[in-house]
Amino acid sequence: MSAMNKALQILQDRGFIKQCTDYEGLSALMDREPVTFYVGVDPTGKSIHIGHMVPFFAMHHLQNEGHHPIALVGGGTSLIGDPSGKSELRQMLTVEQIQENSSSLKAQLGTVVDFTAKEGSGKGQAIMLNNYDWLGDLNYIEFLRDIGKHFSVNRMLTFESYKQRLERGLSFIEFNYQLLQSFDYLTLYREHGCRLQIGGDDQWGNIVAGIELVRKIESAECFGLTFNLITRADGHKMGKSEKGAVFLDPEMFSPYDFYQYWRNVNDADVIRFMKLFTFLPLEEIATYDTPKVNINEAKERLAFEQTKIIHGIEEAEKAKDAARSMFGGVPSEAAREGLPSMTIPLSQLEAGIGVIELFVMSTLCKTNSDARRLITQGGAMIQDKKVEDVKLIVDSSWADQGEMILRAGKKRYFRIIVSA
RNA sequence: GGGGAGGUUCCCGAGUGGUCAAAGGGAGCAGACUGUAAAUCUGUUGGCUCAGCCUUCGAAGGUUCAAAUCCUUCUCUCCCCA
């Protein structure tokens, strides 16, 4: 292969690329002119999680090289559900819910894709579209006649994603997903000159179908580029944590927990994730990729950079300081501030509160049984003193300077503030 | 429309009248070991006023001293035929 286009090369070097419909053709096109490209976003939730972010990090790099990103909200297609990689039909949402979700998604994507880029900035211009705008009032007969005739059921059934679903059941609705996504591509080509679709490798089939459709109808050549589906070394799904999906929305997943998620990645994943999920130059990443460097420094850097991108530098600093101090022994004032907390009146504390009740109140434990278990197993601590007795009554003598820190296990803290 | 197979605790999946709060695995939680990692080992995972008691096995009834297990109706899912 001759020298690859710079933007493509960046993606290649950072470990994004899984496959491309035509490396040389795409590379040549990108050398020649800024390319408009798109990736689909699923608006079924009000927040995306980091597992969904890979294509957008890729988008960031492409935008930086002057190409024009389109983030396509699947407002129309999500009313249907994509069978790719899913074992079940997903929940259908109302149009209103989807519209609502879309706007918060834009803000989140804005952390890596610059929707405000102006001419002359060297960056490509980014826009966000919603395919509901053209799918919403499609005419069924026309659609079948113009689009449907280009699809072979025999062919579709050979796609891996459909094959799998045939085992378990696939509704006709979902089966149409590919047509709609292909129609998206066609529409974007026609109206925005879009020539490239990127996405996770699970989208390969749909992407290829779209390219074929554009070729058949418009006799134009478009391209597709897919990225590695990110897995974790331990086999867990990317973006899932013990606290649930790692959402970007700080209300749903706090910046501190977000930081911790990255801080705790598997050793084997650190360098790979740095390349994919931060904008650090590769040369700098390389300095961490040696046995001489303490792997924990690398993890801290990864966590910091990633948190900075998503939540901003202030939150990143706060999370880092909090993490350091929480794990370094005595929590600093700032770290304590950052803990989840609740206030109880002094009078109540003076009267005495059972430990079990206290832990449940703190939300550290879900039920009394849960709290009882935690204590029995030696995981409950108040002010760093292990709670041995399930029946312990906690009173004001436990508090220090008007507060006390509860701890469940090694990583979960809670701060009780005593009000006079 | 006809026929068949099923719905079990967070998930998968045993369990066909009492010994079932229900095997096993996954996942989670806690402990040990560590590096806030992984792997490993141990304990634990319905609730409660916790050596006992109460509520669970799609839903509602029924049979029985006793039901997740038997009967009836309903409901949902999947498969085959039309």
Side-chain angles (χ1 to χ4, degrees), chain A residues 83 86-91 164-174 231-246 254-274 288-289 291-304 306-307 319-332 335 338-339 352-360 362-382 384-393 405-414:
Chain A
K86 307 271 188 325
S87 53
E88 282 168 38
L89 179 63
R90 64 177 128 170
Q91 204 192 345
Q164 282 170 12
R165 285 302 303 274
L166 280 179
E167 315 265 318
R168 294 187 64 96
L170 172 68
S171 85
F172 181 68
I173 283 190
E174 291 176 272
T231 52
R232 299 195 334 188
D234 61 10
H236 281 84
K237 264 206 188 128
M238 187 66 200
K240 300 284 182 202
S241 78
E242 55 282 358
K243 290 185 188 335
V246 182
S254 79
Y256 175 77
D257 288 330
F258 186 84
Y259 178 93
Q260 283 299 317
Y261 180 81
W262 295 99
R263 179 63 185 76
N264 284 316
V265 296
N266 195 293
D267 289 6
D269 292 329
V270 180
I271 299 301
R272 198 160 55 98
F273 286 178
M274 273 186 158
Y288 287 100
D289 193 9
K292 271 179 271 171
V293 175
N294 182 339
I295 188 83
N296 284 310
E297 279 174 39
K299 288 184 185 180
E300 200 168 66
R301 187 67 192 276
L302 169 66
F304 180 77
Q306 174 61 202
T307 309
K320 185 167 93 176
D321 291 343
R324 278 192 175 165
S325 102
M326 290 318 293
F327 287 94
V330 189
S332 67
L339 294 176
I353 304 173
V355 246
I356 290 184
E357 195 187 340
L358 190 64
F359 270 80
V360 173
S362 75
T363 68
L364 246 22
C365 294
K366 278 196 274 300
T367 63
N368 291 5
S369 298
D370 193 20
R372 189 182 296 272
R373 223 173 279 135
L374 181 74
I375 295 164
T376 312
Q377 298 188 133
M381 272 174 252
I382 300 175
D384 250 13
K385 276 198 283 287
K386 191 190 275 186
V387 177
E388 308 275 2
D389 182 8
V390 174
K391 299 211 166 84
L392 177 74
I393 301 294
I405 303 293
L406 307 189
R407 199 173 135 190
K410 267 180 282 217
K411 298 179 187 172
R412 288 149 59 220
Y413 293 84
F414 195 91

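In what follows, chains carry the letters A, B, and so on, assigned in the order in which the sequence lines appear, proteins first and then strands, with residues in each chain numbered from 1.
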With a 3.5 angstrom cut-off on both distances, give the Watson-Crick or G-U wobble partner of B:A5, or none if there isn't one.
-> B:U77
Mind checking who B:A23 pairs with, Watson-Crick or G-U wobble, both distances under 3.5 Å?
->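 Pairing partner: none.
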Shortest non-hydrogen separation from A:Gly409 to A:Leu374 and the atoms involved | N-CD1, 4.4 Å
Please list, by residue number, the residues of residues 372-379 of chain A whose heavy atoms come closer than 4.0 Å to an atom of RNA chain B; answer none if no residue qualifies.
-> A:Arg372, A:Arg373, A:Leu374, A:Gln377, A:Gly378, A:Gly379
NA contact type, A:Ser369, heavy-atom cut-off 4.0 Å: base, sugar-phosphate, or nothing?
->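 Here A:Ser369 touches the bases of the nucleic acid.
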What's the CZ-C1' distance between A:Arg412 and B:G31, to the nearest Å?
-> 14 Å
Hey, does A:Phe273 have a side-chain heavy atom less than 4.5 Å from the side chain of A:Val265?
->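 A side-chain contact under 4.5 Å exists here.
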Within this structure, what is the [atom1]-[atom2] distance for the pair [X] and [Y], rounded to the nearest 0.5 Å?
X	Y	atom1	atom2	result
A:Leu364	A:Phe414	CG	CZ	7.0 Å
A:Arg272	A:Asn266	CZ	CG	9.0 Å
A:Arg373	A:Asn368	CZ	CG	10.5 Å

Under a 4.0 Å heavy-atom criterion, the protein footprint on nucleotides 32-38 of chain B, written with B, S and -, is -BBBBBS
A:Asp370 vs A:Ala380, nearer the 5' end of RNA chain B by closest nucleotide =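 Comparing both residues, the 5'-ward one is A:Ala380.
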Got a sec, which residues hit side chain to side chain donor-acceptor pair (under 3.5 Å) with A:Asp370, two or more places apart in sequence or on another chain?
-> none
